[in-house]
Amino acid sequence: MSDKKEVVDSHEFFIKQAVKIGREGMRSGRGGPFGALVVREGEIIGQSSNCVTSSMDPTAHAEVMAIREACRNLEAFQLSGCTLYTSCEPCPMCLGAIYWARLDAVFFAAYHSDAAKADFDDSFIYSQLDIEPENRSIPMKQLLRDEGVSLFEEWMKMDHRIPY
């Protein structure tokens, strides 16, 4: 029983750290009220607050930045064996990064519906995923498919490709 309590306490500790990182970033003017960290075997290997506005980068969400730092620190592009802790349920972009990074688990504090109440509403983005590309609010048009497919064909023939 005590081992299970330690794990829960550990998760709660890292969530509190993510919230603290988000609060510090927000108060310092780095960006919105979000913080995240990547942990492996109890050690923080990447952490960041949101820094969208300070870096003028719309992809600089806390989760993405923490994943980038963890990958640099581990010199790897996948984070198997790692857990992400974040102050808020990940948005669709961050969710994609989480899956590409192959994280083992994600723990979050607030729901994305809580963020929506503070004008961080990503429900619109979620809704766009089920719409055909040409009918989305930002229309997307497929062109020259054969040209694009040729890249994948060449990739599959390469002996030195690194699958991910």
Side-chain angles (χ1 to χ4, degrees), residues 7-131 133-142 148 151 162-164:
V7 170
V8 171
D9 287 347
S10 175
H11 293 317
E12 291 174 1
F13 170 80
F14 290 124
I15 285 288
K16 287 179 182 181
Q17 288 298 112
V19 170
K20 179 182 174 188
I21 291 164
R23 181 169 284 115
E24 289 170 355
M26 173 184 68
R27 289 180 177 172
S28 72
R30 282 189 77 190
F34 303 93
L37 48 99
V38 177
V39 174
R40 184 177 70 173
E41 298 175 1
E43 180 185 354
I44 297 172
I45 57 170
Q47 65 183 21
S48 185
S49 63
N50 175 289
C51 51
V52 167
T53 56
S54 62
S55 66
M56 302 299 168
D57 179 354
T59 69
H61 290 201
E63 297 91 339
V64 170
M65 300 302 289
I67 288 169
R68 288 174 182 168
E69 182 177 279
C71 288
R72 275 192 306 274
N73 287 338
L74 293 178
E75 297 181 350
F77 59 85
Q78 293 183 349
L79 297 173
S80 299
C82 299
T83 300
L84 178 80
Y85 295 88
T86 180
S87 62
C88 187
E89 182 180 7
C91 76
M93 177 185 69
C94 294
L95 190 59
I98 288 163
Y99 278 99
W100 279 113
R102 310 292 200 271
L103 287 151
D104 286 3
V106 176
F107 292 87
F108 61 91
Y111 284 104
H112 71 91
S113 58
D114 299 316
K117 293 174 187 169
D119 293 330
F120 294 97
D121 190 359
D122 54 12
S123 61
F124 173 74
I125 300 169
Y126 281 105
S127 73
Q128 292 289 295
L129 298 175
D130 290 330
I131 299 172
E134 61 275 3
N135 295 324
R136 293 178 180 152
S137 66
I138 299 174
M140 300 179 185
K141 179 73 176 151
Q142 187 276 320
L151 286 170
I162 300 171
Y164 60 96

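Here the structure is a predicted model, which means the values were calculated and not measured.
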Under 3.5 Å donor-acceptor pairs involving side-chain atoms of residues 18-38, not counting sequence neighbours:
residue	atom	partner	partner atom	Å
S28	OG	E24	O	3.2
S28	OG	G25	O	3.0
R30	NH1	S49	OG	3.2

More than 12 non-hydrogen atoms from neighbouring residues, nucleotides or ligands closer than 6.0 Å to [atom1] on [X], yes or no?
X: E41; atom1: CD; answer: no
X: F77; atom1: CZ; answer: yes
X: N135; atom1: CG; answer: yes

For the atom pair [atom1] ([X]) and [atom2] ([Y]), what is the distance rounded to the nearest 0.5 Å?
X: S123; Y: Y126; atom1: OG; atom2: OH; value: 9.5 Å
X: L103; Y: L79; atom1: CG; atom2: CG; value: 5.0 Å
X: R102; Y: C82; atom1: CZ; atom2: SG; value: 13.5 Å
X: E134; Y: K141; atom1: CD; atom2: NZ; value: 7.0 Å
X: K16; Y: S87; atom1: NZ; atom2: OG; value: 15.0 Å

(Q) Test of understanding: with side-chain contact (heavy atoms from CB on, under 4.5 Å), list the residues that count as partners of F124, not counting sequence neighbours. (A) S127, Q128, S137
Which side-chain N or O atoms in residues 62-73 pair as donor and acceptor under 3.5 Å with protein atoms at least two apart or in another chain?
residue	atom	partner	partner atom	Å
E63	OE2	T86	OG1	2.9
R68	NH2	T59	OG1	3.3
E69	OE2	Q47	N	3.0
N73	ND2	I45	O	2.7
N73	ND2	E69	O	3.4

Q.
So, applying side-chain contact (heavy atoms from CB on, under 4.5 Å) with D122, which one of C91, P90, S113 is it?
A. C91
Q: Compare all side-chain heavy atoms of I98 with those of V106 and state whether any distance is below 4.5 angstrom.
A: yes
Q.
Going by side-chain hydrogen bond (donor to acceptor under 3.5 Å, both in side chains), name the residues that satisfy it together with D104, two or more places apart in sequence or in a different chain.
A. none
**Q.** Which residues share a side-chain hydrogen bond (donor to acceptor under 3.5 Å, both in side chains) with R40, sequence neighbours left out
**A.** none
Q) Sub-3.5 Å donor-acceptor pair from the side chain of E89 to the main-chain atoms of H112, do we have one? A) yes
Q.
Run the ring-ring contact (aromatic ring centres under 6.0 Å, His included) test against F107 and tell me which residues pass, sequence neighbours left out.
A. H11, Y85
Q) How close do P58 and M93 get, heavy atom to heavy atom, and via which atoms? A) O-CE, 4.0 Å
